[in-house]
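The structure under discussion appears below in the form of structure tokens.
Just so we're on the same page: letters track the sequence lines, and every chain starts at 1.
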Protein chains: 2
Amino acid sequence: MMIQKSFHLFRSICKKWKKCHLVMPSCSFTKIGCFHHDLVKWSSARYFHHNQRWQAETPRSHSTSLHRFPFAMVTEHDIDFFEKLLPRQAITDPDVLESYNVDWLKSVKGSSKLLLRPQTTEEISHILRYCNERNLAVCPQGGNTGLVGGSVPVFDEIILSTSLMNKVLSFDTVSGVLVCQAGCVLEDLNSFVEENGFAMPLDLGAKGSCQIGGNVSTNAGGLRLLRYGSLRGTVLGLEVVLANGKVLNLLSSLRKDNTGYDVKQLFIGSEGTLGVITAVSILCPCKPKAVNVAFLGCSTIQQLLQTFRCCKGMLGEILSAFEFLDSACMQLLQNHLKLTNPITESPFYILIETSGSNANHDEEKLHNFLQHAMNTALITDGTMAKEDSKIKALWMLRERITEALLHDGYTYKYDISVPVEHIYQAVQDMRVQLRDQAKSVVGYGHLGDGNLHLNITSPFYDSALHSLIEPFIYEWTAKHHGSISAEHGLGLKKRNYIHYSKPAEAVYIMSHLKNMLDPKKILNPYKTLPDYIS
Amino acid sequence: MMIQKSFHLFRSICKKWKKCHLVMPSCSFTKIGCFHHDLVKWSSARYFHHNQRWQAETPRSHSTSLHRFPFAMVTEHDIDFFEKLLPRQAITDPDVLESYNVDWLKSVKGSSKLLLRPQTTEEISHILRYCNERNLAVCPQGGNTGLVGGSVPVFDEIILSTSLMNKVLSFDTVSGVLVCQAGCVLEDLNSFVEENGFAMPLDLGAKGSCQIGGNVSTNAGGLRLLRYGSLRGTVLGLEVVLANGKVLNLLSSLRKDNTGYDVKQLFIGSEGTLGVITAVSILCPCKPKAVNVAFLGCSTIQQLLQTFRCCKGMLGEILSAFEFLDSACMQLLQNHLKLTNPITESPFYILIETSGSNANHDEEKLHNFLQHAMNTALITDGTMAKEDSKIKALWMLRERITEALLHDGYTYKYDISVPVEHIYQAVQDMRVQLRDQAKSVVGYGHLGDGNLHLNITSPFYDSALHSLIEPFIYEWTAKHHGSISAEHGLGLKKRNYIHYSKPAEAVYIMSHLKNMLDPKKILNPYKTLPDYIS
């Protein structure tokens, strides 16, 4: 086993984003200035392309195929009301509004004329009660880091930003239960709980900008799901303002509570279409004392799966990530980013991370596992890192694939989850489907979660190729009982593909839930639910 | 640190039941014969009192205060229909029906004249469609091991048993995802997945009888919740038959799926009032290779909480249970069951269990923790066990408290959860409230989950004492933002106390969910929701 010496790698902005939906041909990047002072934190992370061209989708492309619902228009009288309710935080300045009207991918752009930035739940209650009575549509917005156009207005919806609702309300240093307002930034929360020996149970590329309310509203997955499970288990309570302005206080800090239906689950992952989350109670695990990373080579998909099984058994409670990439990804990293493959060439590469409470124990477990995997020929080569800089260098081989793809050409990006035994078959079947029509067909992702990032490139956007890919990929996913949106939600962009992953009966129930909680459909219209039931 | 030598202990039936709601004065036990061949498995576990007298509540006591809803009565024509649909499994024999009409506590008794035992989802679909059209009420029943009267009919509801739906449908040995019919017994499932190196993510005292469909319908907590989290995170998919007979297939095996609202959550913990769960997909963790148990003494509640915090930090990922009992519990164990306290007397006792993938590592971690806890005077004494028999002996000190209480007198039993820092305050405040009116006021439970079992005894049932306890305990729980039903659901018995733990707005939404999914309210009537909205 070779211990990795060093890599000359730097932390790319793409670390912030595991996947990038920018639609553009390959060439050099340039940095775009910040949009708004609230976004300074992540504006430096925004790289856009010279002579940016939106080939498949341009801002507002999604709204052009939609008809505006018959909501009322915002009047001067409405603005007077909101200015009195929220002094200096009812904003109509078009320059300020611009960044709130567009998603970070610049793929969806609304034309809202009013931004509201409340600081309290009561203010949100007043806002929604008023909007519901006036039949004014509202687009709730957290960090605006979503990838499916779920957090920006489509037409002139009033933008309801939670950015100023950023207070920690309580933290229990015995149980690790954190209660905070919805607008707290995930990274800030993680820093806060780390000071007390805990960690947030979720971690995302967008952690520097995304807000916990948005995380919960979109049921964000991310890098720690394998270890700490989904937000449906770790979120203990919510405070939500309903469409009619009523405040639903379910801000429990209890691990066990079986008193009636668990109503808060309705608001987890419903993308702000059923209510606006104003506060979150979440269970934080202890901060791990030791982290190790191994980067391994593997010959076949069967060995990849067997390595995962073996790894789960031998590393058990300390396994915190099991990621993979194929040789085509490695080729892109080498060709476009000049990254060095630290091990001998292999058809598949695995990145394993352990997080535990005792460094020696964890290292020994990992060594035992690697020894076993080598002895049984599950893996062909590998390298291991326990120092922070080397760990980061190995993670870059996984995290910079998105960036390498952008250099390769126009990228068709898919984020699916399937039962783990089929995880790479999507790539293989897509290669058969496309024959020599594509430049690259690559697969990587969170194998431990059954989450595949399937990416296809061509020199330029090619509608013939596109029509070979879709609906093939959605039909393939449906056939294998997969999800067409593993961790990003449906938002505006994917709402009409829901039937590939959910039966009609379930969508029917969803439409009833929407009618029940938001009968005027003022909350985040044109999102999540397909057009035919909106 | 003294290593425990031996205890002359035997595994009581009360191990099967963490809590017992039997209402009876103290004296010797006798074993009652089995009710029905389907219940043989756990009939031997049923101990009832000589000259059984139901002082506070008798079978049907809950129904006497209720009016039967205007459902249709079962006719000969209906029976003909069901006999054709389910040859030999549409049962009208009163002797067979008797055990299905009564809960295991013998506290609630219905008078159903018809038991249906389907084997397939399609059969359940036919049954419910027919019942919905005919306005016939249905009581879904799994293992009938609930403690709140949720699984037996109140009047003449048709009993819909899932006992014959006991097939494993698939098991993925890579991901650990098990898919099975709802009637599979939890212990059988655990044995099955253990053969493949996995474990069920939940464990209950009633595991020998309870069914996975019932576990999910009641969102069962149990002994592994501290480690593996709630069923809301580990249940990946459900198949449910709705009140109108429609089959809702959400039997996903995916860890990540963000396509629309998570409709399956509606059926987790709703006690069969919104639909009948017919199959479950659940994520199983790896079976631990090593288990250790420590039994410790502690002087103050502050030290108890500090020990928990320290334990979480030092044992981290291997901590699988953190239980506690007070000195009054130990006194009862010694007085009534002649159990030996293995350590010096203390105001509080802690039982810590670790489960991990490496025996040496786990033992070393536990020793390091114990050394630290002793050196910093968090604990006063302790004993540790790693052999199976000794581990069981230590667990008995926690698990036989219920049995000891039955010997102490009439027991008033409460199962609440509160933020962990208040967990023992309920006992202290209750002692102040009751002064010298009670014989014993004791507290024990799952400290790691904030789940307290508060028990009060008196020589005989005392209505004056009872009125001092209630509604005081419910009001106390509400004041401390707790749950009046931590892990048992509301069922028939607690449905009208829901407002102590849930706000009116939430109950209002619940009533709308019920109306939406079961407009004729044929599914498990008189359960979960309070009378005023039923």
>> Could you report the tightest heavy-atom contact between K312(B) and C286(A), atom names first, then the distance?
In response: O-SG, 3.5 Å
> Around atom CZ of F322(A), are there more than 12 heavy atoms of other residues, nucleotides or ligands at under 6.0 Å?
Replying inline: yes
> Which residue out of M314(A), E271(A), E364(A) racks up the most heavy-atom pairs below 4.5 Å with chain B?
Replying inline: E364(A)
> Got a donor-acceptor contact below 3.5 angstrom from the S501(B) side chain to the T259(A) backbone?
Replying inline: no
> What part of K289(A) is in contact with chain B, defined as an atom under 4.5 angstrom from a non-hydrogen atom: side chain, backbone, both or neither?
Replying inline: side chain
> Of the backbone (N, CA, C, O) and the side chain (C-beta and beyond), which part of P503(A) lies under 4.5 Å from a heavy atom of chain B, both, or neither?
Replying inline: side chain
> Do R255(B) and S417(A) have side-chain N/O donor and acceptor atoms under 3.5 Å apart?
Replying inline: no
> V263(B) pairs by side-chain contact (heavy atoms from CB on, under 4.5 Å) with which of E505(A), M510(A), Q265(A)?
Replying inline: M510(A)
>> Rounded to the nearest 0.5 Å, what separates atom CG in N515(B) from atom NE2 in H512(A)?
In response: 12.5 Å
> To the nearest 0.5 Å, what is the distance between OG (S175(A)) and CG (L305(B))?
Replying inline: 10.0 Å
>> As an exercise, state the distance from CG of L315(A) to CG of N358(B), rounded to the nearest 0.5 Å.
In response: 10.5 Å
> What part of L490(A) is in contact with chain B, defined as an atom under 4.5 angstrom from a non-hydrogen atom: side chain, backbone, both or neither?
Replying inline: both
>> Under 4.5 Å from any heavy atom of chain B, what part of H481(A) do you find: side chain, backbone, both or neither?
In response: backbone
> Quick one: are K502(A) and L250(B) in side-chain contact, heavy atoms under 4.5 Å?
Replying inline: yes
>> If you define the side chain from C-beta out and look only at heavy atoms, does anything of M516(B) sit under 4.5 Å from L513(A)?
In response: yes
>> Enumerate the side chain to side chain donor-acceptor pair (under 3.5 Å) contacts for residues 235-248 of chain B, please, sequence neighbours excluded, ordered by first and then second residue.
In response: T121(B)-E239(B), E239(B)-T278(B)
> What distance separates I268(B) CD1 from R232(A) CZ, expressed to the nearest 0.5 Å?
Replying inline: 9.0 Å
> Are any side-chain N or O atoms of N219(A) and backbone N or O atoms of N258(B), one a donor and one an acceptor, separated by less than 3.5 Å?
Replying inline: no
> Is a side-chain donor-acceptor pair under 3.5 Å present for T528(B) with Y261(A)?
Replying inline: no
> Who wins among G233(A), G316(A), S485(A) for the most heavy-atom pairs under 4.5 Å with chain B?
Replying inline: S485(A)
>> Between Y500(A) and chain B, with a heavy-atom cut-off of 4.5 Å, which part of the residue counts as in contact: side chain, backbone, both or neither?
In response: neither
>> With a 4.5 angstrom heavy-atom cut-off, is it the side chain or the backbone of D172(A) that approaches chain B, or both, or neither?
In response: side chain
> chain B: which of V507(A), N360(A), I498(A) shares the most heavy-atom pairs with it under 4.5 Å?
Replying inline: I498(A)
> Checking heavy atoms, do the side chain of L266(A), its backbone, both or neither come under 4.5 Å from chain B?
Replying inline: side chain
>> Please check: side-chain N/O of K256(A) versus main-chain N/O of S230(B), any donor-acceptor pairing under 3.5 Å?
In response: no
> What option among L236(A), L226(A), I416(A), T234(A) has the most heavy-atom pairs under 4.5 Å with chain B?
Replying inline: L226(A)
> How many angstroms lie between CD in E421(A) and OG1 in T173(B), if you round to the nearest 0.5 Å?
Replying inline: 8.5 Å
>> If we ignore hydrogens and angles and just use 3.5 Å, is the side chain of E317(B) paired with the main-chain N or O of S357(A) as donor and acceptor?
In response: yes
>> Heavy-atom pairs under 4.5 Å with chain B: which of S253(A), G313(A), G269(A), G448(A) has the most?
In response: G313(A)
> Under a 4.5 Å heavy-atom cut-off, does chain B meet the side chain of S270(A), its backbone, both or neither?
Replying inline: both
> What's the verdict on side chain to side chain contact (heavy atoms under 4.5 Å, CB included) for I509(A) and L517(B), showing C-alpha distance, side-chain angles and the deciding distance?
Replying inline: CA-CA 8 Å; I509(A) 290 175; L517(B) 289 167; 3.9 Å; yes
> Got a second to check how far N451(B)'s CG is from D257(A)'s CG, nearest 0.5 Å?
Replying inline: 10.5 Å
> Between A504(A), G229(A), G260(A), which shows the greatest number of heavy-atom pairs under 4.5 Å with chain B?
Replying inline: G260(A)
